[in-house]
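Ligands are counted one by one from 1 in listed order, and the atoms in each one are counted from 1 as well.
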Amino acid sequence: MSETKSSLALNGGHAELGRLPAFPSWPQSGPEEERGLVEVLHSGKWGSTHGDVVATFEREFGQAQQARHAVALSNGTLAIAAALRAAGVGVGDEVIVPPYTFIATAAAPLFVGAVPVFADVDATTHLIDPQAVEAAITERTKAVIPVHIAGNVADMTALAEIGRRHGITVIEDSAQAVGAQWEGRGVGTFGDLGTFSFQTSKNMSAGEGGIVTTNDDELAGAVYSLVNVGRVPDGGWYEHAAVGYNLRLTEFQGAILRAQLARLPEQQAVRATNAEALHEQLAGVEGVAVATPDPRVTAHGHHLFIFRIPELGRRGLRDAAVRALTAEGVPGVSTGYVPLHRNTALVAEIRALAERLGQPVPESSCPRADLVSRDTLWLPQHVLLGTAEQVAAVGRAITKVAQAANELA
Ligand SMILES: *Cc1c(COP(=O)(O)O)cnc(C)c1O
């Protein structure tokens, strides 16, 4: 038998992206962001209490997402906390969340004195499983927070129906799903409230920022009040009808976000084309699992490109796979989340809160989150802004690495 040289770049083979230009960087901006910033600077109206740029952005974002109201605030984490408080969720209530998400989804309930309860995800899509949600409901349940992970959309038909039937508030954590739609309608409009993030990595960014959407006038007023130290829309400066935080965005952020929203459709179209090509390329590759979105997902948010390589997970070779993909020239490869029911800080806080309230500490068995957390890899959204040639090379690199388990061991 002849000796074959490794084809992996890690072991001296040809790097699939070796001769291609660097991927587009993130965040991106142009003359529109620059002009907006300078206009705010020269206007002297730097805060949203005096200017109207944030208010204009709120109207534009609400329109784009097909929500009646949109209230901008400082970040996506406090957007969830504000949505919970606006809906009257508080001390001792239980809030159902998925374990496979960013920590903010489970931290926000704790901020308002509520106990997060984990409901497992679907192993194919990494999205919260409506049946697991239903099974986690107790007489203390006040809200559920489905997360549109990666920009894919949770089953909002089933989840909204569960919310109505049990009288619990549904808050869509749409931090990764700006522009996404379910059956032709924007996410953040199926639940009672939706929340978005404009942190640096997100598909629209102002460095930091967030927004809450709702079709409910009263909830919109309550969020506005929480963002604005308890003020009422069109009320007096020292008229505080409630006790609220100050979570306002600056006009500078508003200006950047108006420009980011305007460039979003074009960027999303590029991401969609590239994601579909990569999906097609990997669909036939043995050992690589890529979820096909539900046909009711009429627009995918394309925040992450998620895939699983089960054999590498079983053999504990995922970190080696990341090194191999990086050596091929694939940027930003991530092993994704440690599931939140395994996060010791969260688990300790949940236990301490439940004990202090004299309530049962919720059970959290999430075997599917455990499974996917061992073999999931993802690429960040800006990889999907590359050229067709770059994305095809990424597909070849993934294929090569997925089939090289024996070389990685
Ligand atoms: C980014 C993110 C958040 C938090 O948003 P920040 O603006 O960073 O506070 C919440 N949930 C999910 C799923 C996220 O990806």
Side-chain angles (χ1 to χ4, degrees), residues 26-27 54 57 61 65 70-85 95-112 116 118-119 121-122 125-128 143-154 156 159 170-180 187-188 191 193-213 223 226-227 245 247-250 253-254 256-257 260-261 271 300-306 332 334-341 343 346 369 372-373 376 378-382:
W26 190 261
V54 170
F57 169 66
F61 188 88
Q65 214 57 42
V71 184
L73 35 57
S74 46
N75 58 64
T77 302
L78 291 174
I80 305 169
L84 286 164
R85 268 200 65 178
V95 177
I96 298 173
V97 299
Y100 199 82
T101 176
F102 185 60
I103 190 167
T105 317
L110 288 167
F111 294 159
V112 304
F118 296 108
V121 293
D122 180 291
T125 61
H126 302 70
L127 293 165
I128 196 165
V144 55
I145 312 180
V147 180
H148 302 310
I149 209 79
N152 196 4
V153 184
M156 287 319 301
L159 291 160
V170 179
I171 298 170
E172 296 171 66
D173 180 345
S174 313
Q176 302 185 2
V178 63
V187 298
L193 298 129
T195 65
F196 296 79
S197 162
F198 307 124
Q199 177 267 346
T200 300
S201 71
K202 300 291 163 37
N203 293 30
M204 264 179 67
S205 173
E208 299 288 351
I211 202 160
V212 177
T213 52
V223 174
L226 286 165
V227 170
Y245 311 97
L247 302 174
R248 291 186 298 265
L249 278 187
T250 67
Q253 290 166 294
I256 293 187
L257 288 169
Q260 293 273 298
L261 181 62
R271 291 185 184 104
H300 191 295
H302 297 300
H303 178 61
L304 304 166
F305 187 90
I306 293 198
S334 170
T335 52
Y337 299 124
V338 173
L340 298 181
H341 67 295
N343 177 299
L346 269 179
V372 300
S373 72
T376 292
W378 74 49
L379 307 172
Q381 46 90 5
H382 66 91

Engineer: Check whether any heavy atom of K202 sits under 4.0 Å from an atom of ligand 1.
Structural biologist: yes
Engineer: Any atoms of ligand 1 less than 4.0 Å from a non-hydrogen atom of A175? List them with their elements.
Structural biologist: 2 (C), 3 (C), 10 (C), 11 (N), 12 (C), 14 (C), 15 (O)
Engineer: With a cut-off of 4.0 Å, which atoms of ligand 1 are near a heavy atom of Q199?
Structural biologist: 7 (O), 8 (O)
Engineer: Within a distance under 4.0 Å of any heavy atom of T101, pick out the atoms of ligand 1 and give their elements.
Structural biologist: 13 (C)
Engineer: Any donor-acceptor pair under 3.5 Å linking the side-chain atoms of T125 with those of N152?
Structural biologist: no
Engineer: Starting from atom 15 (O) of ligand 1, which protein heavy atom do you reach first, and at what distance in Å?
Structural biologist: Q176 NE2, 2.9 Å
Engineer: With heavy atoms of V147 as the reference, note each atom of ligand 1 found under 4.0 Å away.
Structural biologist: 13 (C)
Engineer: Among all protein heavy atoms in this structure, tell me which lies nearest to atom 4 (C) of ligand 1, with the distance rounded to 0.1 Å.
Structural biologist: T77 OG1, 3.6 Å
Engineer: Closest non-hydrogen protein atom to atom 3 (C) of ligand 1, residue and atom name please, with distance?
Structural biologist: F102 CD2, 3.6 Å
Engineer: If the cut-off is 4.0 Å to any non-hydrogen atom of G76, which atoms of ligand 1 fall inside it?
Structural biologist: 4 (C), 5 (O), 6 (P), 7 (O), 9 (O)
Engineer: Using distance alone, decide if ligand 1 has a nitrogen or oxygen within less than 3.5 Å of any nitrogen or oxygen in Y337.
Structural biologist: no
Engineer: Number the atoms of ligand 1 from 1 as they appear, then name those within less than 4.0 Å of a heavy atom of N75, with their elements.
Structural biologist: 7 (O), 9 (O)
Engineer: Counting from 1, what ligand 1 atoms have a heavy atom of S197 closer than 4.0 Å?
Structural biologist: 1 (C), 5 (O), 6 (P), 7 (O), 8 (O)
Engineer: In the protein, what heavy atom is nearest to atom 11 (N) of ligand 1, and what distance, to one decimal place, separates them?
Structural biologist: D173 OD2, 2.8 Å
